[in-house]
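First the structure, in the form of structure tokens, and then the observations on it.
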Amino acid sequence: MPELPEVETSRRGIAPHITGKRLTDVAIRQPSLRWPIPIEQCQALVGEKLVNVHRRAKYILLNFESGTLLLHLGMSGSLRVLEPTVEPVKHDHVDLIFDDQAMLRLNDPRRFGALLWAGREPYKHVLLTSLGPEPDDPAFNTDYCYQKSRGKRQAIKQWIMDGHVVVGVGNIYANESLFKAGIHPSRQAGKISRARYECLVSAIKSVISHAIEQGGTSLRDFTQADGKPGYFKQELAVYGRGDEPCVQCNTPLKATRHGQRATVYCTQCQT
DNA sequence: CAACGGACCTGCCTGC
DNA sequence: TGCAGGCAGGTCCGTT
């Protein structure tokens, strides 16, 4: 479900409803996510105010007065803000209940998500320390990519999906960005020219920022915090369109795999 | 060190 | 209708 645009959409959806409110109760029905939820540290936050809700990569940072809860949605997680009286359904693993009748509820069928305690200096948490720049960071630019990729034999698709290179480019937006830049997904990262990296960086920035504006991509069950779908799906050029005609040249799109992940590209437009 | 595959889970779809 | 198998938006970790 969530790549960076979906996570940012979720953050924007929940923040206005819970920022500045005081945590009054915590319900953890399933503590076994990717890593065990630190139940006692969550309960110790009861009585504290939620100062703000930030995001780094695909992590949502719930900043309380005494420290930060790190939230990751994994492959299938979603967040809703509901009234505390709403009955939980299957896979509603965690509720954070705030005063003023606001409840943040995490649902995650596959349980690849995470809720972790990151203390007073969350950016020093091991999961956040070695992350690459955000796509919209000026530090993510042509020179950075060109220099960092030299000597790398990895396929470009896998390289841009590596969070140590740039964060937030998951499988959907990797496919879309490579199509937009006209780059074949199998091309070796270390052999791509500076000029082509300029196209790719620009494509990644525009694809991600546009998807955020559209409220993310709704596939299967992704919805925004208010339950509405994202609207980016209708703009996908290649993802999920194997064998369908290329939007630019009508050639049937080729579906294949890179490192266990579905890859779709145009054999004519991407070289 | 780089690169790859496996692992963690459930749900949904396809084909027999 | 039932069931096995494959696949899904992420990413850490162990092994080559």
Side-chain angles (χ1 to χ4, degrees), chain A residues 1-11 29-37 55-60 70-79 89-94 106-116 118 125-132 135 148-178 185-191 204 207-208 211-212 214-224 229-233 235-236 238-243 255-264:
Chain A
M1 163 190 305
E3 294 194 28
L4 193 149
E6 290 71 38
V7 177
E8 176 61 16
T9 297
S10 297
R11 187 195 70 77
R29 285 175 287 271
Q30 169 57 278
S32 171
L33 301 188
R34 175 162 193 178
W35 296 283
I37 295 175
R55 179 188 59 76
R56 172 72 173 109
K58 295 171 189 166
Y59 294 93
I60 289 175
L70 274 188
L71 179 62
H72 196 291
L73 298 175
M75 292 271 269
S76 60
S78 62
L79 295 169
V89 298
K90 200 172 186 183
H91 306 306
D92 280 343
H93 304 315
V94 178
L106 170 68
N107 180 286
D108 184 6
R110 291 177 72 180
R111 289 195 270 133
F112 287 178
L115 183 63
L116 297 168
H125 190 282
V126 62
L127 291 173
L128 301 189
T129 48
S130 61
L131 293 174
K148 194 173 179 71
S149 63
R150 291 310 91 181
K152 296 291 191 290
R153 302 168 66 181
Q154 225 177 359
I156 184 62
K157 180 174 180 241
Q158 289 169 272
W159 193 72
I160 60 171
M161 289 179 70
D162 181 346
H164 303 289
V165 173
V166 57
V167 300
V169 182
N171 199 37
I172 297 175
Y173 301 116
N175 279 297
E176 294 300 312
S177 299
L178 288 166
S186 301
R187 187 168 283 275
Q188 279 185 26
K191 290 187 174 175
I204 290 171
V207 165
I208 298 269
I212 290 173
Q214 297 295 307
T217 304
S218 280
L219 295 176
R220 298 194 176 80
D221 53 355
F222 175 76
T223 54
Q224 305 186 43
Y231 294 101
F232 192 72
K233 185 175 194 299
E235 301 186 29
L236 294 176
V238 288
Y239 183 84
R241 298 192 62 242
D243 298 330
T256 175
R257 302 185 77 74
H258 283 93
Q260 330 281 74
R261 310 301 299 276
T263 300
V264 185

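The model shown is predicted, which means the values in this text are computed figures rather than measured ones.
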| Main-chain N/O of A/G113 paired to A/R34 side chain as donor or acceptor, under 3.5 Å | no
| note | Rounded to whole Å, the CG-C1' distance (A/L73 to C/dG10) equals 11 Å
| Side chains of A/K90 and A/N107: does their closest heavy-atom pair fall under 4.5 Å? | no
| note | Nearest heavy-atom contact between A/R241 and A/V264 is C-CG1, 4.2 Å
| message | Between C1' on C/dG9 and CD1 on A/I212, what's the gap in Å once rounded to a whole number? | response | 15 Å
| field | DNA chain B: stems of at least 3 consecutive Watson-Crick or G-U pairs whose donor-acceptor distances fall under 3.5 Å | value | B:2-8 with C:10-16, B:10-16 with C:2-8
| remark: Of the candidates C/dT11, B/dG11, C/dG9, the side chain of A/K58 sits closest to C/dT11
| task | Indicate yes or no: at least one non-hydrogen side-chain atom of A/P2 is less than 4.5 angstrom from one of A/K58. | result | no
| More than 12 heavy atoms of other residues, nucleotides or ligands under 6.0 Å from CZ of A/R153: is that the case? | no
| A/L131 CG to C/dC12 P: how many Å, rounded? | 7 Å
| said: Is there a side-chain contact between A/Y239 and the phosphate of C/dG9, meaning an N or O under 4.0 Å from OP1 or OP2? | reply: yes
| field | Integer-rounded Å distance: C/dG9 C1' and A/D108 CG | value | 12 Å
| query | Quick one: what's the B/S/- string for nucleotides 2-9 of chain B, heavy-atom cutoff under 4.0 Å, read 5' to 3'? | reply | SSS---BB
| said: So if I take every side-chain heavy atom of A/R261 and compare against C/dA8, C/dG10, B/dG11, which nucleotide ends up nearest? | reply: C/dG10
| query | Does A/H91 have a side-chain nitrogen or oxygen under 4.0 Å from the phosphate oxygens OP1 or OP2 of B/dT10? | reply | no
| task | Give the rounded distance in Å between these two atoms: CG of A/L71 and P of C/dT11. | result | 13 Å
| message | Once you apply a heavy-atom cut-off of 4.0 Å, does A/Y173 come out as touching a base, just sugar-phosphate, or nothing? | response | nothing
| said: Show the nearest heavy-atom pair for residues A/A118 and A/L70, with the distance to one decimal. | reply: CB-CG, 3.8 Å
| Hey, does A/L178 have a side-chain heavy atom less than 4.5 Å from the side chain of A/I160? | yes
| field | P atoms of C/dG6 and B/dG6, separation to the nearest Å | value | 13 Å
| Closest non-hydrogen atom pair between A/N175 and A/Y239, with its separation | ND2-CD1, 3.8 Å
| Heavy-atom side-chain contact between A/P135 and A/V167 under 4.5 Å | yes
| Taking the same atom, P, in B/dC9 and in C/dG14, what whole-Å distance lies between them? | 16 Å
| How many Å lie between CG on A/L115 and C1' on C/dG10, as a whole number? | 17 Å
| field | Interatomic distance where CG belongs to A/L4 and C1' belongs to C/dG9 [whole Å] | value | 12 Å
| request: Using atom CG of A/D162 as one end and atom P of C/dC13 as the other, report the distance to the nearest whole Å. | output: 14 Å
| said: Run the salt bridge (Lys or Arg N to Asp or Glu O under 4.0 Å) test against A/R187 and tell me which residues pass, sequence neighbours left out. | reply: none
